[in-house]
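Read through the structure below, which is laid out as structure tokens, and then see the notes.
Residue numbers begin at 1 in each chain, while the letters A, B, ... track the order of the sequences.
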2 protein chains.
Amino acid sequence: MPDAFEVNPWEVKGLVDYERLVTQFGTQKIDEPLHRKLLSYGKAPAALRRKFWYSHRDLNFALQEFDRKQGFFLYTGRAPSGPMHIGHILPFTLAKWFQDVFGVNLYIEIPDDEKFFAKQGLSLEQIDQWVKDDILDIIAVGFDPNKTFIFQDREFIKQMYTPACRIAKRINGNLAKAVFGFNDGTNIGHLFYPALQIVPCFFEKKRCVIPAAIDQDPYWRIARDLAGGFGFPKPAQIHSKFVVPLTGMEGKMSSSEAHHAILLSDSPAEVKEKVTKHAFSGGRTTLAEHRKLGGNPDVDVAFQWLQAFLEEDDAVVKKLYADYKSGKLLSGEMKQVLIDKLNGFLGRHQKARAQAAKLVDKFKYSGKLAKRMWDFSDMANR
Amino acid sequence: MPDAFEVNPWEVKGLVDYERLVTQFGTQKIDEPLHRKLLSYGKAPAALRRKFWYSHRDLNFALQEFDRKQGFFLYTGRAPSGPMHIGHILPFTLAKWFQDVFGVNLYIEIPDDEKFFAKQGLSLEQIDQWVKDDILDIIAVGFDPNKTFIFQDREFIKQMYTPACRIAKRINGNLAKAVFGFNDGTNIGHLFYPALQIVPCFFEKKRCVIPAAIDQDPYWRIARDLAGGFGFPKPAQIHSKFVVPLTGMEGKMSSSEAHHAILLSDSPAEVKEKVTKHAFSGGRTTLAEHRKLGGNPDVDVAFQWLQAFLEEDDAVVKKLYADYKSGKLLSGEMKQVLIDKLNGFLGRHQKARAQAAKLVDKFKYSGKLAKRMWDFSDMANR
């Protein structure tokens with residue numbers, strides 16, 4: 001039987017079987033003891049508590065090393081090629097929690113080269129516009145500007161290229177094809193790019209912890225294979241599920257279908273219209289039927305989003321679930337709950353974003369960590 | 001019939017048929033009118049006068065553009081991985097002539113990444129040592145420090161990476177395999193590297209003229225294909241033959257077989273020993289036979305080197321040829337002429353090299369052209 005779903009760094013198709021993905025990718029589920037341990041460090045966001053972040057590699061080691069005062073550091077990123085949607089912000093939200101709770105450094109890569117290589121019609125000039133937008137959205141999350149470094153590949157390449165050479169020498173065409181699905185039609189920029197995504201795993205001689213959706217795992221597999229040879233610990237990951245599109249439970253949200261995604265820049269009216277029109281509902285076809293038989297929260301996108309990451313209050317989620325299932329709560333009402341939550345979140349985000357421009361310099365150049373990183377020369381010297 | 005020789009950017013094997021190579025590579029021979037025109041600009045070195053530099057692409061256009069006051073610029077380079085031999089210096093000697101006569105800028109790339117990718121056991125640390133050595137040898141040639149910029153890929157990568165991205169996007173794996181003989185075992189650094197070798201072809205919006213041995217031609221073929229799309233003239237080349245090893249007329253001199261090569265650092269005693277012991281001679285087996293039947297200057301390496309680039313005086317070369325052929329000049333005597341010429345050249349070179357250290361800063365950073373180039377951001381802005 002062929003897979004009913006497909007997950008790779010560029011595409012998520014079908015109804016993802018997350019249990020099976022863990023087996024396929026060879027990662028580990030976040031089990032109860034690890035989950036409890038994680039939550040013991042500080043009040044965690046809903047997405048972590050409710051296991052939207054559900055899989056990992058060596059995260060337990062990172063926590064042990066933290067407990068032993070060896071520490072760790074965080075690394076995540078965002079490849080600019082269009083507007084950011086609410087799914088894109090989740091790794092950053094989790095990274096903020098990790099930074100707040102563990103007090104660790106965070107490195108945020110903005111690969112302003114990757115999508116240029118990957119997308120035929122996309123120009124560097126277009127990407128550079130998205131870079132500016134995306135950095136403001138990222139800063140709006142509220143990181144510590146002295147412990148967070150935001151860097152663009154093309155701007156920071158002098159510091160990255162020598163370690164990238166060391167990494168690139170150990171990845172041949174065969175491996176790149178097998179891991180990333182490249183072929184002989186892939187351009188040589190794209191072929192080289194994985195080296196640049198791996199470099200930050202070795203920015204500090206501690207364990208790197210990477211929050212990212214599970215489709216990015218292939219990059220870190222190679223990084224983990226190389227780490228030992230460079231004298232570094234294997235980078236750890238924490239993997240999220242995908243935010244499903246408004247239209248239903250298959251695939252993942254994509255900015256290129258903007259009416260199926262909630263963008264970070266959406267106005268309350270846009271949110272209302274998108275959710276009302278497009279959110280796939282688990283309700284019955286008639287009001288009478290719904291009241292009598294109840295809805296299905298397990299396929300209702302509004303409920304799924306609320307549960308996965310938007311509604312912090314567990315009791316509220318529980319009640320929404322029960323009331324929807326019993327037929328007490330209607331689909332339109334569930335959508336309204338989502339609209340209010342989204343607009344609350346986006347309102348706060350957009351307000352923070354409006355203040356972000358004046359912080360760009362700190363995150364990129366003049367903050368404590370940023371300043372130190374501009375002197376970074378080569379992981380071989382660390 | 002299989003080729004009796006083979007030429008690609010990494011290997012030269014067999015007795016090279018230079019006429020055929022021109023056809024194979026699709027370059028043009030420097031014909032009499034072009035040769036006369038070239039020599040009309042100023043007294044040329046023996047290697048140019050005697051057509052050791054024998055092939056080209058669009059060099060006639062570059063001269064026409066110079067005549068029309070549009071100018072051109074020079075670009076050559078040296079990939080460090082071992083000591084430089086006298087063959088390595090010839091593109092620089094020719095570049096100096098071009099710079100002196102035409103007053104143009106010269107860009108010298110030191111790819112301190114290429115051989116790291118290409119050679120299994122070679123470390124960046126070893127390369128960095130050779131870089132320092134090679135730069136001194138190059139400076140010893142005597143370029144204008146305000147019109148010459150020497151740059152290392154890993155140090156200058158910030159300025160090169162964005163244009164390299166534009167180039168890399170247009171070269172896919174298939175093309176790289178076909179042109180450079182890469183395969184799926186080639187590492188992704190090496191696969192990307194051609195983009196970096198092509199970037200300097202577009203450092204100025206004039207025609208680029210590249211003096212290099214003909215085996216480097218594949219790089220420039222791709223550069224020429226891309227130039228139009230970027231709004232630049234196709235880079236022109238002038239191609240040399242290879243300096244044959246001391247041991248005979250096949251292949252090319254290689255530093256990795258140091259006893260078959262004259263290194264720029266060789267002492268007079270080393271030169272004497274190498275030439276005496278290893279230089280393949282066109283002489284007869286006995287003195288009597290040689291006197292009677294004469295030697296063969298066409299396979300005598302000592303004579304070949306003198307003729308190709310070491311003896312500036314045409315009359316002397318003519319006499320050496322005639323005297324050797326007639327048997328009047330013995331092989332030992334021919335070797336002695338070579339030894340004296342080599343030691344004269346190396347003595348001057350080594351003296352200039354001893355003064356070169358204090359000029360490094362000018363060529364790399366503080367000279368007029370160097371200073372301007374550190375502000376170079378992207379060929380798209382030129």
More than 12 non-hydrogen atoms from neighbouring residues, nucleotides or ligands closer than 6.0 Å to NZ on A:K177, yes or no?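 More than 12 within 6.0 Å, yes.
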Heavy-atom closest pair, residues A:L191 and B:G173: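 The answer is CD1-CA, 4.5 Å.
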Would you name the heavy atoms of B:N174 and A:G185 that are closest together and state the gap between them?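 Taking every non-hydrogen atom into account, ND2-N, 4.4 Å.
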Residue B:A176 versus chain A: region with a heavy atom under 4.5 Å: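 When you check distances to chain A, only side chain atoms of B:A176 fall under 4.5 Å.
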Using non-hydrogen atoms and a 4.5 Å limit, figure out which bit of B:F116 sits close to chain A: side chain, backbone, both or neither.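 For B:F116, heavy atoms of backbone and side chain both lie under 4.5 Å from chain A.
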Pairs of heavy atoms under 4.5 Å with chain B: top-ranked of A:D153, A:I167, A:L124: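 The candidate making the most pairs under 4.5 Å is A:L124.
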Checking heavy atoms, do the side chain of A:T162, its backbone, both or neither come under 4.5 Å from chain B?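 Answer is both: backbone and side chain atoms of A:T162 are under 4.5 Å from chain B.
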Tell me whether the rings of A:F117 and B:Y161 are parallel (<30°), tilted (30 to 60°) or perpendicular (>60°).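 It falls in the perpendicular class, over 60°.
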Any donor-acceptor pair under 3.5 Å from B:K169 side chain to A:H190 backbone: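 Between the backbone of A:H190 and the side chain of B:K169 there is no qualifying donor-acceptor contact (under 3.5 Å).
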Look only at the side chain of B:K158 and the backbone of A:Q159, and say whether a donor-acceptor pair between them is shorter than 3.5 Å.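 A pair under 3.5 Å: no.
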Check: B:F182 and A:I188 side chains under 4.5 Å, non-hydrogen atoms: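 Sidechains of B:F182 and A:I188: no contact.
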Measure the spacing between [atom1] of [X] and [atom2] of [Y] and express it to the nearest 0.5 Å.
| X | Y | atom1 | atom2 | value |
| --- | --- | --- | --- | --- |
| B:N187 | A:F192 | CG | CZ | 9.5 Å |
| A:D184 | B:D184 | CG | CG | 6.0 Å |
| A:C165 | B:E114 | SG | CD | 11.5 Å |

Please output the residues of residues 75-85 of chain B in contact with chain A, using a heavy-atom cutoff of under 4.5 Å, in numerical order.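 Result: none.
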Name, in order of residue number, those residues of residues 207-218 of chain B that have a heavy atom at a distance of less than 4.5 Å from a heavy atom in chain A; otherwise write 'none'.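 No residue falls under the 4.5 Å cut-off.
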